[in-house]
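Every chain is numbered from 1, with letters handed out A, B, ... down the list of sequences.
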Amino acid sequence: MSNPQHLTYSKEHEWLTAVEDGVATVGITAFAADALGDVVYVDLPEVGRTIAAGETVGELESTKSVSDLYTPASGEVVEVNQAVIDDPALVNSEPFEGGWLFKLRLEGTPEGLLSADEYTAHTGG
Amino acid sequence: MSLRLTALDAVHRALGATMTDFAGWDMPLRYGSEREEHNAVRTKAGLFDLSHMGEITVSGPQAGEMLDHALVGFVSALAEHKARYTMICAADGGILDDLIVYRTGDDEFMVVANASNAQLVLDELTARVEGFDAVVRDDRDAYALIAVQGPDSPAILGSLTDADLPGLKYYTCLPATVAGRPALLARTGYTGEDGFELFVAPADAVALWQALTEAGTAYGLIPCGLSCRDTLRLEAGMPLYGHELNTSLTPFDAGLGRVVRFDKTTNEGAFVGRAALEKAAEQAAATPPRVLVGLVSPGRRVPRAEMNVVDAEGTVIGSITSGAPSPTLGKPIAMAYVDAAHATPGAQVAVDVRGTHEPVEVVALPFYKRAR
């Protein structure tokens, strides 16, 4: 699955949308979802929590392993995706769409993120 | 060190498999969704490349007596074409590997070892053959191993062979021709389902894989990787060496004392590990050691190997050996060694999952048993 051009990416395999009314959406990439295998459980940060870029904010559990979830940007969590909590397989089937994880009211401008082409190169694509 | 490739490597690449290093072999972990692969084996059929398993042939007039000496089982008592689950132990009774032994002929047996232990088993058998009129042969490169597992596997395999599959009972084997190629057919597996394992020449592996794929597609057969093999065997309560079994445990510690045959009549009953295992048996009867149990979690976080099992006070009472989300049960399951006081089905304990005590219930093994 190719990495959508309209998103920015962290080296830890999260994606971030452009900011709309101060809020951006975060998910994990298809590359990461594929590496995890079938995701069976997602632990997401609480709404209202303030998180800092690079911080561990949750975990993704798959058949074979559990992986930390990092946030690619700083801000306040304003919404989590209840659909993906109820059906974690969305992370695998629609990583860039229905499998989004949480929304963040950004503090400052995200730094150190990659373009789609840069991220594709980062993952050896 | 470069990874060893099976005869089916190009097939796995063409199928887009995610590969993994397993005991020095580059093996398919999964082709697509491991949950779908798991469910295919439970409800239809799955096709596995298990060529990493280690085949060792022991032949000669005293092959049976030699294996009675080298292993804990009563191997010489096996009828021709029968198979048995057994173990090889150290002199101190510790489990070196768990094995399946097939009697392939009057004077010939095939020992199948785990990939991770195959060299050790070969070395031990080579040492233990001394004094017996028998020969130990490394046949790891002589065979590719393909398994077709699941309720539709008899129909699929039956369409490719004239062999008497209904007559081929569980834990028996038969030399046969499948899709025009010679194969040793065995009704064995590690999934908790009906199924077959085909020991074939590496040069025939691709043709047989393709024939089984073509015959199986109409039934819903899909290629399956090692990831679902692990969840399948876990649901079936089957131990995996390095998890439930290791050198510091005896078969009695693992609740598998039944594989130790003190009633062997060959070699005057002597076999490697006997004295230590007799003590282990007495000890297990007098003071039960930690017991291997099943755990089921009502939550969603998954107990994993090496996590601690704790009681209501948070005291460590055991340790997880294997854990995974169970596709069949729809919840996390695990196997663990726990103190005998907490080993009764129904006991409520907890697992320390990264600092959080997740409640789990002790259940009897296996988690899943197929309807027969």
Visitor: Heavy-atom count check: over 12 atoms from other residues, nucleotides or ligands less than 6.0 Å from A:Glu46 CD?
Guide: no

Visitor: If you take all heavy atoms of B:Arg300 and A:Asp86, which pair is closest and at what distance?
Guide: NH2-O, 3.9 Å

Visitor: Can you tell me if CD on A:Glu111 sees more than 12 non-hydrogen neighbours from other groups inside 6.0 Å?
Guide: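 Not buried by this count: 12 neighbours or fewer within 6.0 Å.
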
Visitor: Measure distances from A:Asp43 to the heavy atoms of chain B and classify the residue's part below 4.5 Å as side chain, backbone, both or neither.
Guide: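 Neither; nothing under 4.5 Å.
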
Visitor: Strictly below 4.0 Å, N to O, side chains only: are B:Arg301 and A:Glu59 in salt-bridge contact?
Guide: yes

Visitor: Can you tell which part of A:Val42 gets under 4.5 Å to a heavy atom of chain B, answering side chain, backbone, both or neither?
Guide: neither

Visitor: Less than 4.5 Å apart, side chain to side chain, heavy atoms only: is that true for A:Ser65 and B:Arg304?
Guide: no

Visitor: Please indicate whether A:Glu76 has more than 12 foreign heavy atoms, meaning atoms of other residues, nucleotides or ligands, lying under 6.0 Å from its CD.
Guide: yes

Visitor: Please report the C-alpha distance between A:Thr63 and B:Arg30 in whole Å, then the side-chain angles of each, then the deciding distance to 0.1 Å, and finally whether the side chain to side chain contact (heavy atoms under 4.5 Å, CB included) criterion is met.
Guide: CA-CA 11 Å; A:Thr63 301; B:Arg30 56 187 148 83; over 6 Å; no

Visitor: Before accepting this row, confirm whether a basic side-chain N of the pair A:Lys64/B:Asp230 lies closer than 4.0 Å to the acidic partner's carboxylate O.
Guide: yes

Visitor: To the nearest 0.5 Å, tell me how far B:Glu37 CD sits from A:Asp38 CG.
Guide: 8.5 Å

Visitor: Which answer fits B:Arg35, side chain, backbone, both or neither, if we ask what part of it has an atom under 4.5 Å from a heavy atom of chain A?
Guide: both

Visitor: Return the option, out of B:Ala324, B:Cys228, B:Ser227, B:Pro327, with the maximum number of heavy-atom pairs under 4.5 Å with chain A.
Guide: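 Highest number of heavy-atom pairs under 4.5 Å: B:Ser227.
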
Visitor: Report which part of B:Ser33 has an atom under 4.5 Å of a heavy atom belonging to chain A: side chain, backbone, both, or neither.
Guide: both

